[in-house]
Amino acid sequence: AVASYSGAAMMSRKGSMVLTDSDLFPPGTVFMNGMKVYAHDAIQAVSYASSLMTASGCGLRQVFDDLCRSQGGHTYPVEDFSFYQEGGIAGTIRGESVLVGRADFMAQMGVRLPREIKLKTGVFLAVDKELVAVFAVKYMASDNVDAALQAILHNGIRPVFAVRDFNITPALIKRKFRINTKKRCLYPELSDRLALSEEEYESSGRPGALLFRNGLMPYAEVVIGGKRMHGAVRKNCDWALIGSICGTLLAFYLTFVSGYNVLNPAALLIFQLLWSVPAAMINGWVSQY
């Protein structure tokens, strides 16, 4: 529900939408496709990975939380937690330095990886710079999300990907949803992504809409509908102003030339009905996505 014209105006002025991990890959589209443990035991490895994912607040936390419960593990408190622009997260658990991230992040942090492992969306776990486990995570594109993204771009709204999951890169988005993030979207730096994703869960300022949703499409429909509503009101006001000016000038001219036989109620009614045609056409356009 859009908060009247003021809410529609607020959304229309922005021209962009902040999308988080769960917007792009809602629950059920990301799942564990296997794991391999090199050191420690499987329960401890899963517990360490789940602890860091929970501290990060990214979209993978539910996947690793389910894996942790199925393995009989539990999460630990994480100290000195930090994100890395290179595609990973780190923290201290039980006095041990724990790293979780992509393969290129592990290489930059000095962790040696087996050459036979080639995973585009793999999650690597290292403890004290020693590889402990590898998790194969698979991402599936949802038709609902794909249709919502196309509608957003079609209506001139710029998606801002405020993602915390280090696997959700511009390359993955382009591969899964067939959109070019460089031209029509915005993939901010890590600090901006973290700040925007924090604001997504905080209430600040005057709300523009009341939204209960499951997936990206309801969110997109509210923003697109609000933008179209704002545009329709502005266009109708413009046409009403033009019609009023034209009617005033025409009435003045007919009065000046004594054309009172033309300036009659029937002619004025037809004149007003003709000027209502643009408003009817604009109102019909609003619902056409």
Side-chain angles (χ1 to χ4, degrees), residues 1-3 7-30 56-62 83 85 87 102 120-121 137-232 286-289:
V2 178
M10 289 171 58
M11 290 185 288
S12 181
R13 285 195 297 265
K14 299 297 182 182
S16 60
M17 288 176 59
V18 176
L19 307 182
T20 57
D21 299 15
S22 58
D23 291 324
L24 293 173
F25 295 98
T29 60
V30 183
S56 71
C58 72
L60 290 175
R61 57 184 173 181
Q62 187 61 49
F83 286 89
Q85 181 70 39
R102 301 194 305 258
K120 291 183 178 180
T121 55
V137 181
K138 188 172 183 180
Y139 295 76
M140 294 183 61
S142 170
D143 293 337
N144 180 284
V145 175
D146 192 14
L149 285 174
Q150 297 301 326
I152 291 169
L153 294 172
H154 178 72
N155 285 273
I157 300 172
R158 192 179 192 187
V160 180
F161 299 115
V163 294
R164 291 174 170 242
D165 185 350
F166 46 77
N167 273 331
I168 304 179
T169 61
L172 178 67
I173 296 172
K174 183 178 181 180
R175 188 167 67 248
K176 294 296 181 180
F177 301 107
R178 305 181 303 279
I179 58 176
N180 192 340
T181 57
K182 293 183 179 180
K183 293 183 178 180
R184 308 176 65 185
C185 310
L186 181 60
Y187 190 88
E189 294 294 323
L190 176 61
S191 58
D192 296 330
R193 297 203 306 270
L194 295 177
L196 289 171
S197 60
E198 285 289 346
E199 292 178 2
E200 184 76 4
Y201 301 101
E202 296 178 356
S203 177
S204 60
R206 187 178 180 183
L210 177 65
L211 183 62
F212 176 79
R213 65 189 177 98
N214 183 16
L216 181 58
M217 184 57 79
Y219 181 24
E221 288 178 344
V222 167
V223 176
I224 295 171
K227 181 180 179 181
R228 286 177 173 269
M229 170 186 167
H230 178 258
V286 172
S287 61
Q288 303 301 316
Y289 287 89

Do the side chains of [Y] and [X] get nearer than 4.5 Å, heavy atoms only?
X      : Y      : answer
Leu149 : Leu24  : yes
Val30  : Asp21  : no
Leu194 : Arg164 : yes
Phe161 : Ile168 : no
Ser56  : Asp165 : no
Phe25  : Asn167 : no
Pro26  : Leu216 : no
Val163 : Tyr187 : yes

- request: Could you please spell out the steps behind the side-chain contact (heavy atoms from CB on, under 4.5 Å) verdict for Cys185 and Ile179?
  value: CA-CA 8 Å; Cys185 310; Ile179 58 176; 4.1 Å; yes
What distance separates [X] [atom1] from [Y] [atom2], expressed to the nearest 0.5 Å?
X      : Y      : atom1 : atom2 : answer
Met217 : Ile224 : CE    : CD1   : 7.5 Å
Leu172 : Lys174 : CG    : NZ    : 12.5 Å
Thr20  : Arg193 : OG1   : CZ    : 12.5 Å
Leu190 : Phe166 : CG    : CZ    : 12.0 Å

- request: Kindly give the heavy-atom pair with the smallest separation between Arg184 and Arg158, and that separation in Å.
  value: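 Distance-wise, the nearest heavy atoms are O-CG, 3.4 Å.
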- prompt: What pair of heavy atoms forms the shortest contact from Val145 to Asp23, and how long is it?
  reply: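 What the structure gives for the nearest pair is CG2-O, 3.4 Å.
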field: Ser197 (side chain) donor-acceptor with Ala162 (main chain) under 3.5 angstrom
entry: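 No; zero donor-acceptor contacts below 3.5 Å.
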message: Suppose we screen for side chain to side chain donor-acceptor pair (under 3.5 Å). Which residues come up paired with Asp146, at least two apart in sequence or across chains?
response: Arg178
